[in-house]
Amino acid sequence: MASQAFSILILVLSAIYVSDAAGSVGVNYGRVANNLPSPDKVVQLLKSQGITKVKIFDTDPAVLSAFANSGISLVVCLPNEQLATAAGDQSFADGWVQNNILKYYPATKIEAIAAGNEIIGATVTDETKSLVPAMKAIQASLVKFKLDSYIKVSSPIAMSCMGSSYPPSAGSFKPELVDAAIKPMLVFLKQTGSYLMVNVYPFFAYEGNSNQISLDYALFKENPGVVDSGNGIKYHSLFDAQLDAVFAALSALKFDDMKVVVTETGWPSAGDASEYGAGLANAATYNDNLVRRVLSGKGTPLRPKDPLSVYIFALFNENQKPGPTSERNYGLFYPNMQRVYTIPLSQQELNGNFSPPPPTTANNDTGGVTRISGQTWCLANPNVNQQKLQEALDYACGDGGADCGPIQPNGACFDPNTLVAHASYAFNSYYQKNVRVSGSCVFAGAAYVSMQSPSYGNCQYPTGY
């Protein structure tokens, strides 16, 4: 028991440290697919990318076991269909916590339980009425097993629960949901020291109002901004505006200090013809800018001192998800663990202090020069000085002899039209033309070797010439 108590203390101190950080980015690990890698391989992928926070949608034993001693924090889920049972049967809640939480904790670093997903949405349902009683039952079980100080209980709400979200200062929840579930849940969260989970998707707002909302505004790109007529604040991103609408709604109910975590946000890399804005370039731009926005440590205009915590949806493209094409194309990775597009996923990557584990090297027949073996690619370091990166790009496309045709306008790799993306393609072309010899992926510190393919869609990074 002493060793378990010590382990729990370490987890608490770790959680305190993370909460003081400048913002955090995690991912949702959904598994509605029949072609995904094993949980063990997924854990290795996450660690190789520097991802330390993950949310799952159940308590699958194989997944929970795979995450043991990984150092990765988990948010797990009590499924929607079990809420009513938990709400009406404390013994069921006790058994669920004992079999799905206590059995794995603290080796598996479970930090929160999501009671259902988007139970609080557009309308009041039977599930809505069961939500808070179920949360209280799970909390009582955590207290019984002395886990309540370490694991929080919450429930992700959908933006469809908002009665008004524009302008952000006039944000409010739908009146019929307030008394039925929202206010009782907020009281519970405050009493237990938990936080509100909210799923925020600028894509849905843009898709339904593309004639009124600027795409640049939805993607965090440079834009003139939108002024809130209620308080005069100018917003430069739809994400901030949506989140501040939630903060305004909380303030209207006198929960000004309620912490909020964005448990889902993302952008699909493909969609049906009617799904305006879905596409690979937009997905890469949104998630790239999102990560940079969150890790900057800045809060929203209404809560400028509160760093953001978000979970990107999703880790993989999931081929068995129902609905429009977009639903199967939110992943950062394909099921073969290759990136759908290349963006930074951690502070280490932004700082230039992290790259995937180095490949092995071997002396091949290259005149005694060391060649990096295996499939590897040379990518731009997103944290170096822009001028330095531009000079390296100019060299690669000029005297370096790289094939830079695909990153010209109308080229297969022109989008996303960013310096880092274009430099990555040029650096890799130079690297491959020089048969991956050591020293050909340096560019004065502006590049690094990656074992993850950066190819996406029609843009294929070469692996040799």
Side-chain angles (χ1 to χ4, degrees), residues 22-23 25 49-50 214-225 234 236-237 239-240 267 280-298 307-308 312 332 339-356 377-434 439-450 452 454-456 459 461:
V25 177
Q49 303 299 317
S214 159
L215 181 59
D216 287 347
Y217 182 61
L219 296 176
F220 299 94
K221 295 176 72 173
E222 186 174 344
N223 62 86
K234 179 180 282 189
H236 291 279
S237 81
F239 176 87
D240 278 18
W267 198 284
L280 194 142
N282 288 343
T285 299
Y286 178 81
N287 283 321
D288 188 333
N289 289 334
L290 171 74
V291 171
R292 295 172 191 279
R293 165 75 183 81
V294 171
L295 296 182
S296 72
K298 298 176 182 177
L308 302 175
I312 297 175
L332 298 170
R339 288 205 189 195
V340 177
Y341 42 80
T342 301
I343 62 168
L345 292 173
S346 67
Q347 189 68 59
Q348 296 99 311
E349 282 189 274
L350 286 178
N351 292 341
N353 297 326
F354 175 86
S355 62
W377 295 262
C378 182
L379 304 178
N381 180 345
N383 197 54
V384 301
N385 178 275
Q386 294 266 308
Q387 181 179 348
K388 184 177 182 180
L389 199 58
Q390 184 65 57
E391 290 173 353
L393 172 61
D394 291 342
Y395 169 78
C397 292
D399 293 342
D403 175 14
C404 295
I407 57 175
Q408 301 306 311
N410 298 320
C413 301
F414 179 72
D415 288 322
N417 182 18
T418 66
L419 180 58
V420 170
H422 288 183
S424 289
Y425 188 89
F427 292 173
N428 183 67
S429 176
Y430 176 88
Y431 175 64
Q432 303 297 341
K433 282 177 177 288
N434 284 276
S440 62
C441 184
V442 178
F443 293 97
Y448 68 93
V449 174
S450 172
Q452 296 290 332
S455 298
Y456 57 89
C459 176
Y461 278 55

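Predicted, not measured: the structure shown is a model, and the values here were computed from it.
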Please identify each residue that fulfils side chain to side chain contact (heavy atoms under 4.5 Å, CB included) with Asn282, with sequence neighbours left out.
Leu215, Leu219, Trp267
Partner residues of Ala380 under the side chain to side chain contact (heavy atoms under 4.5 Å, CB included) criterion, sequence neighbours left out:
Leu389, Val420, Ala423, Ser424, Phe427
Got a second to check how far [X]'s [atom1] is from [Y]'s [atom2], nearest 0.5 Å?
X      : Y      : atom1 : atom2 : answer
Ser346 : Leu295 : OG    : CG    : 7.5 Å
Thr285 : Leu290 : OG1   : CG    : 12.0 Å
Tyr286 : Tyr341 : OH    : OH    : 10.5 Å
Tyr430 : Cys441 : OH    : SG    : 10.5 Å
Cys413 : Tyr456 : SG    : OH    : 5.0 Å
Arg339 : Leu345 : CZ    : CG    : 4.5 Å

Heavy atoms, side chains only, cut-off 4.5 Å: are Arg293 and Asp240 in contact?
yes
Measuring only between side-chain heavy atoms, which start at C-beta, is Tyr431 closer than 4.5 Å to Asn428?
yes
Go through the structure and list residues passing side chain to side chain donor-acceptor pair (under 3.5 Å) with Tyr217, not counting sequence neighbours.
none
Side chain to side chain donor-acceptor pair (under 3.5 Å) against Asp288, all qualifying residues, sequence neighbours excluded:
Arg292
Please confirm whether the backbone N or O of His236 pairs with a side-chain atom of Asn223, one donor and one acceptor, at under 3.5 Å?
yes
Do you know which two heavy atoms are closest between [X] and [Y], and how far apart they sit?
X      : Y      : result
Pro406 : Tyr425 : CG-OH, 3.2 Å
Gly23  : Pro307 : N-CB, 3.7 Å
Leu308 : Val294 : O-CG1, 3.4 Å
Ala447 : Cys378 : CB-SG, 3.7 Å
Tyr461 : Ala421 : OH-O, 3.6 Å

If you look only at pairs with a residue in residues 390-402, which of them pass as a side chain to side chain donor-acceptor pair (under 3.5 Å), with sequence neighbours excluded?
Gln387-Glu391, Gln390-Asp394
Residue pairs passing the side chain to side chain donor-acceptor pair (under 3.5 Å) test with at least one member in residues 407-423, sequence neighbours excluded, are none
List the residues meeting ring pair (Phe, Tyr, Trp, His ring centres under 6.0 Å) with Phe239, not counting sequence neighbours, and say none if there are none.
Phe220
Partners passing salt bridge (charged side-chain N to carboxylate O under 4.0 Å, His left out) against Lys221 (at least two apart in sequence or in another chain):
Asp216
